[in-house]
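Note on naming: letters A, B, ... go to the chains in the order of the sequence lines (proteins, then strands), and numbering restarts at 1 for each one. Values in this document were obtained by computation on a predicted structure and should not be read as measured data.
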Amino acid sequence: DAKTTQPPSMDCAEGRAANLPCNHSTISGNEYVYWYRQIHSQGPQYIIHGLKNNETNEMASLIITEDRKSSTLILPHATLRDTAVYYCIVRVTGGFKTIFGAGTRLFVKA
Amino acid sequence: GAGVSQSPSNKVTEKGKDVELRCDPISGHTALYWYRQRLGQGLEFLIYFQGNSAPDKSGLPSDRFSAERTGESVSTLTIQRTQQEDSAVYLCASSPAGQDNYGYTFGSGTRLTVV
């Protein structure tokens, strides 16, 4: 699976949009971009995934660049409960082992 | 059950003892994964089961680690002769039929402390 690069930490003001970047310059044509988050002392939680089109669900939006070498997870109105570690992963869907990097630790501040 | 269930939630064991960690995946999920997470670090892949196929054991760190799965249900991760570096949270996840359009569902993990 392709490797991803994320900033180690970010801050965001409560109520503002949180934009979390991810670089995946070696992504293959059949690999999807997945985002998970892990709130302290809990297991990771799936957020969203996409192949090449932008995606939106009730939790977040995913913007993938046209060349697919990077993406941005957008939490439109961050709350204190969104403070967590966010993992960006690339892999084939239905694939096997998934490699999680260190992720981005997002701090949402009041 | 409605989610992935792991037991025990916490386990303290003496160095050199064997431990068994249990995972009950979501009913109908044929794929099951084990990960390890050391304090302050990311998730480390251990092993993957998919239906009746041979498991992918490529992430197991040593021969002290083994895992079994009964059909498409319960899985146990066994660590023999535990060492202090085995202390971590062990996370189990499942997904349906190798397709994970909704991603994996993770359990809350077992926190293992080797003293």
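The neighbour count for E68(B) CD, taken as heavy atoms of other residues, nucleotides or ligands under 6.0 Å away, does not exceed 12. More than 12 non-hydrogen atoms from other residues, nucleotides or ligands lie less than 6.0 angstrom from CD of E85(B). Taking a 6.0 Å sphere around CG of L39(B), one finds it holds 12 or fewer heavy atoms contributed by other residues, nucleotides or ligands. For R64(B), the CZ atom counts as densely surrounded, since its 6.0 Å shell holds more than 12 non-hydrogen atoms of other residues, nucleotides or ligands.
Q38(A) places a side-chain heavy atom less than 4.5 Å from the side chain of L91(B). Using a 4.5 Å heavy-atom threshold, the side chains of Y36(A) and Y104(B) count as touching.
Of all heavy-atom pairs spanning Q37(B) and Y87(A), the tightest one is NE2-OH, 3.3 Å.
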